[in-house]
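These notes concern the structure reproduced below.
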Protein chains: 2
Amino acid sequence: MDLNVLGDTFGYLLRRAWRDVDRRFQYHFRTLRLTAPQYSILILVNANPDCTPGDLVQPLGISQNNLVGIIGDLIDRGYVRKAAHSQDRRARILALTESGSAVLAEAHAAHAVYAAEYLRRIGADNLRELVRLLTMFDAG
Amino acid sequence: MDLNVLGDTFGYLLRRAWRDVDRRFQYHFRTLRLTAPQYSILILVNANPDCTPGDLVQPLGISQNNLVGIIGDLIDRGYVRKAAHSQDRRARILALTESGSAVLAEAHAAHAVYAAEYLRRIGADNLRELVRLLTMFDAG
DNA sequence: TATTGTTATACTCTATAACTATA
DNA sequence: TATAGTTATAGAGTATAACAATA
């Protein structure tokens, strides 16, 4: 097949790269049954205890209505707990449960294996350079 | 918000970059009502006349069953036509219609505007470097 | 009036399985 | 027995709109 202009089109390549990375992520996280956004939520809630769901909207790039279900799943599975905000009675605050901290540790271990795979495939220098370039796309 | 390890995680950044790029693509292709995969199909069918749907599976990274609907939509809209294969009666061959060639020309024009936006934002050298790095992820 | 969280809905993309007609 | 195309279905992810409670 002649790829024509596609082989030099960064959008085409970005989509393929994302699909490859997401597929490998899913493979390494299959026993934990965590998606990439769910892993991100665990990391953010752990690093920012008592944050609100609204705080997660920007860093995750997921709108608040769609966050409800994803966080709700993590709550149902006992990894995250949601409590009333002390000042603003509209707001909720999030924190990891003990079980959530434990699964986050397992997730970090799974992520290390996944990352090592790409370290071999792509190389440390290339990955560092990629992070630099991708950060420029970050529109928020 | 403390991003913790996420700010240096290429998977996280890749997802955000892809979402940004896809959103801008959708914006520039809104009047043509073409998705990124549909634009890719028009390019590939144009560059490879009389290819089969199966030929598109690998370059698009879309499985054959899911391709049916996407190609079917392009056929319904009169951009692609499907005909019998001369040797293999199981297979079909694809080609652009006149209307398909016309819309592809419009799509290339829309893509040029979209690409110019990123050329300003990211810079030619960085985009070239990005294409080099993303090609390494291409698993097929 | 505006904001936080929530529900509902629809559409796209993706994944698995199974079917048909050919080879 | 394998392959090309197709159909069906279910699950994510995403988008818009609307609502209740509270600020």
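In what follows, every chain begins at residue 1, and chains take the letters A, B, ... in the order their sequences are listed. It should be emphasised that the depicted structure is a prediction, and the values quoted were computed from it without experimental measurement.
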Study note, to complete from the structure: What one should report as the nearest heavy-atom pair of A:Val131 and B:Gly7 is CG1-O, 4.2 Å
Exercise for review: Please tell me which of A:Asp55 and A:Gln26 maps to the more 5' nucleotide of DNA chain C, matching each residue to the nucleotide holding its nearest heavy atom.
Suggested key: A:Asp55
Practice item. Would you please confirm or rule out a distance under 4.0 Å between OP1 or OP2 of D:dA15 and any side-chain N or O of B:Arg19? Key: yes
Check your understanding: Could you state the CH2-P distance from A:Trp18 to C:dC13, rounded to the nearest angstrom?
Key -> 16 Å
Point to revise | Pairwise distance CD1(B:Ile122) to CZ(A:Phe10) - rounded to 0.5 angstrom | key: 7.5 Å
Check your understanding: Is the distance from OP1 or OP2 of C:dA15 to the nearest side-chain N or O of A:Arg30 less than 4.0 Å?
Key -> no
Check your understanding: Aromatic rings B:Tyr39 and B:Phe25: how do their planes relate, parallel, tilted or perpendicular, breaks at 30° and 60°?
Key -> tilted
**Study point:** Atom-pair distance (CD1 on B:Ile75; C1' on D:dT6), nearest Å
**Key:** 12 Å
Point to revise | By side chain to side chain donor-acceptor pair (under 3.5 Å) - contacts of A:Ser63 (at least two apart) | key: A:Asn65, A:Asn66
Revision key, fill the gap. Closest to the 5' end of DNA chain D, once B:Asn66 and B:Thr52 are matched to their nearest nucleotides, is B:Thr52
Check your understanding: By side chain to side chain contact (heavy atoms under 4.5 Å, CB included), which residues pair with B:Arg92, not counting sequence neighbours?
Key -> B:Pro53, B:Lys82
Review point. Atom CD1 of A:Ile70 to atom P of C:dT6: distance rounded to whole Å?
Key: 13 Å
Study note, to complete from the structure: Rounded to whole Å, CG of B:Leu56 lies from C1' of D:dA4 at a distance of 13 Å
Review point. Side-chain N or O of B:Lys82 less than 4.0 angstrom from OP1 or OP2 on D:dT6?
Key: yes
Revision key, fill the gap. Expected string for nucleotides 17-23 of chain D under the B/S/- scheme (protein heavy atoms, under 4.0 Å, primed atoms plus P, OP1, OP2 as sugar-phosphate) is B---BBS
Review point. Do A:Tyr118 and B:Phe137 have ring centroids that are under 6.0 Å from one another?
Key: yes
Review point. Within this structure, what is the CD1-to-P distance between B:Ile93 and C:dT22, rounded to whole angstrom?
Key: 16 Å
Review point. If only side-chain N and O atoms of A:Gln64 are considered, is one of them under 4.0 Å from the OP1 or OP2 phosphate oxygen of C:dT4?
Key: no
Check your understanding: So, is B:Thr35 near the phosphate of C:dC13, with a side-chain N or O under 4.0 Å from OP1 or OP2?
Key -> yes
Point to revise | For atom CG of A:Leu67 and atom C1' of D:dT16, their distance in whole Å | key: 16 Å
**Study point:** Atom pair distance, as rounded to whole Å: CZ in B:Arg16 and P in D:dT14
**Key:** 11 Å
**Study point:** Whether B:Phe29 and B:His111 hold their rings parallel, tilted or perpendicular, with breakpoints at 30° and 60°
**Key:** perpendicular
Revision key, fill the gap. Whole-Å distance, A:Arg23 CZ to D:dG13 P, equals 15 Å
Review point. So what does A:Ile62 touch, heavy atoms closer than 4.0 Å: a base, only the sugar-phosphate, or nothing?
Key: sugar-phosphate
**Study point:** Phosphate OP1/OP2 of D:dT14 contacted by B:Arg15 side-chain N/O (<4.0 Å)
**Key:** yes
